Amino acid sequence: MACSYFPTNRILLLKFARWAATVLSVMIPIKGGADSVNSAHPTGQFDPARLIASPLSDKLQAGKTGTYRMSKAYWISTYQKINDPDKLAAYAALAGPAITAGGGKFIVRGMPVKTYEAGVNERTVVIEFDSIETAIATHDSPGYAAALDALGDGAVREIRIVDGV
Amino acid sequence: MAKGYWITTYKSISDMRKVEAYAKLAGPAIEAQGGVYLARSVATMAYEAGLKERTVLTVFPSVDAAIAAHDSNGYGAALAALGDGAVREIRIVEGSA
């Protein structure tokens, strides 16, 4: 019966390793930034950060303080066309609380002052999240799904979630 | 004063070398007006009509500073280097916080 516990334990172990690596990398300043994580470890010591070197190194601020910090994520909605302002209003009433509950902070919500090139002069929303994971989880939440139901075909929107620098 | 946000959503890139040449010149021109890059990469996720394409978000001390950066000689040189290298949506919007 022990083997039935194995997958659970393995998942817990992986979660712990990830957590430990994150905590250690937050606590220990990494000299030289991202490159030092990707390069071979000169002393041959076990470095937990290397277990998840790729996502970590993406988020390291190379050449600045040399310390680790999580990069923020941005949810950018560039409306292309609004078909039904009533549906949009119904959406916004539900989306706002769902996004705020997910940890999102509205930093832009309005019409452009200027557009250039192929820019469309339409509603523009930028929401800041602490991580790409929380942004995606908020999009996929039941609260936001209810907002999407209310929106229906009320607008054509370009939504992108992008990692912060 | 409300901050100004410059949002560039690339629709398509036809010549990456032109985009790279543009980026080298655009960075200093944007920073000269107090612009700070918040995001500069390909979108991780896209929904609805969204495209997984290059996306750049820059914050400025004000909308006027963002417009001044766009209209600067330095940025003009960057645009000349970009030429027809990409189709881009650019919007400058006032911050809500």
Side-chain angles (χ1 to χ4, degrees), chain A residues 55 58-59 61 71-81 91 96 104-129 131-133 135-140 144-145 148 151-165, chain B residues 2-12 22 26-27 35-60 62-71 75-76 78-79 82-97:
Chain A
D58 288 344
K59 291 172 178 176
Q61 301 300 295
S71 72
K72 293 188 181 297
Y74 297 90
W75 168 332
I76 300 171
S77 300
T78 49
Y79 284 67
Q80 304 294 308
K81 191 172 169 236
Y91 157 84
K105 182 183 159 202
F106 287 90
I107 58 175
V108 166
R109 185 151 50 162
M111 294 291 286
V113 176
K114 278 272 193 181
T115 61
Y116 300 102
E117 301 179 30
V120 178
N121 189 33
E122 214 12 298
R123 184 171 172 79
T124 306
V125 181
V126 179
I127 308 148
E128 180 188 275
F129 285 88
S131 70
I132 207 98
E133 290 81 7
I136 293 169
T138 301
H139 182 275
D140 296 346
Y144 193 72
L148 286 179
L151 179 62
D153 60 357
V156 179
R157 316 187 302 164
E158 241 239 57
I159 298 180
R160 303 184 186 193
I161 295 177
V162 62
D163 248 322
V165 295
Chain B
K3 288 175 180 171
Y5 290 86
W6 172 329
I7 300 155
T8 306
T9 47
Y10 284 68
K11 298 291 188 175
S12 65
Y22 155 85
V36 175
Y37 288 97
L38 297 179
R40 182 152 60 158
S41 63
V42 174
T44 302
M45 292 295 274
Y47 301 102
E48 302 177 31
L51 301 174
K52 274 195 186 177
E53 251 305 350
R54 186 169 172 78
T55 307
V56 182
L57 176 65
T58 320
V59 62
F60 287 83
S62 68
V63 158
D64 287 347
I67 293 170
H70 183 275
D71 295 348
Y75 194 73
L79 286 179
L82 178 61
D84 60 356
V87 177
R88 316 187 303 165
E89 248 224 65
I90 298 180
R91 305 185 186 193
I92 293 176
V93 195
E94 196 172 78
S96 59

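Values reported hereafter were calculated over all heavy atoms of this structure, with side chains retained and with hydrogens, waters and symmetry mates removed. Each chain gets a letter, A, B and so on, in the order the sequences are listed, and its residues count up from 1. Note that the structure is a prediction, hence the values are computed from the model and not measured.
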Applying the side-chain contact (heavy atoms from CB on, under 4.5 Å) test to Arg160(A), which of Met45(B), Glu53(B), Arg54(B) qualifies?
->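 It is Glu53(B); the other options fail the test.
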Would you say [X] and [Y] make side-chain contact, with heavy atoms under 4.5 Å?
X         : Y         : value
Ile7(B)   : Thr124(A) : yes
Val156(A) : Glu48(B)  : no
Val93(B)  : Pro112(A) : yes

Heaviest contributor of heavy-atom pairs below 4.5 Å to chain A, chosen from Glu94(B), Arg40(B), His70(B), is His70(B)
Heavy-atom pairs under 4.5 Å with chain A, option from Leu38(B), Thr55(B), Val42(B) with the top count =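 That would be Leu38(B).
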Is a side-chain donor or acceptor of Arg91(B) paired with a backbone partner of Val120(A) at a separation under 3.5 angstrom?
->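 Yes, the answer is positive, given that a donor and an acceptor are paired below the 3.5 Å cut-off.
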Counting N and O atoms only, with roles assigned by atom type, does the side chain of Arg109(A) sit under 3.5 Å from a partner on the main chain of Ser96(B), one being a donor and the other an acceptor?
->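 Checked: no pair found.
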Are Glu158(A) and Lys11(B) within salt-bridge range, i.e. N to O under 4.0 Å?
-> yes
Pick one of side chain, backbone, both or neither for Tyr116(A), based on which atoms fall under 4.5 Å of a heavy atom in chain B.
->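 Both backbone and side chain of Tyr116(A) come within 4.5 Å of chain B.
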Among the listed options Glu122(A), His139(A), Gln80(A), Lys114(A), the residue most often paired with chain B at heavy-atom distances under 4.5 Å |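 Of Glu122(A), His139(A), Gln80(A), Lys114(A), His139(A) has the most heavy-atom pairs under 4.5 Å with chain B.
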Mind ranking Leu148(A), Thr78(A), Thr115(A), Asn121(A) by heavy-atom pairs under 4.5 Å with chain B and telling me who comes out on top?
-> Thr78(A)
After noting the C-alpha distance and the side-chain angles of Val126(A) and Tyr5(B), does the key distance pass the side-chain contact (heavy atoms from CB on, under 4.5 Å) rule?
-> CA-CA 9 Å; Val126(A) 179; Tyr5(B) 290 86; 5.7 Å; no
Non-hydrogen atoms of Ser41(B) and Val162(A) that approach each other most closely = OG-CG2, 3.3 Å
Which word best sums up how the rings of Tyr47(B) and Trp75(A) line up, parallel for under 30°, tilted for 30 to 60°, or perpendicular for over 60°?
->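 Aromatic pair Tyr47(B)/Trp75(A) classed tilted.
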When rounded to the nearest 0.5 angstrom, what is the spacing between CD in Glu128(A) and CG in Leu57(B)?
->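 Glu128(A) CD to Leu57(B) CG: 9.5 Å, rounded to 0.5 Å.
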Contacting region of Leu51(B) [heavy-atom separation from chain A under 4.5 Å] =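 Its backbone and side chain both get close to chain A.
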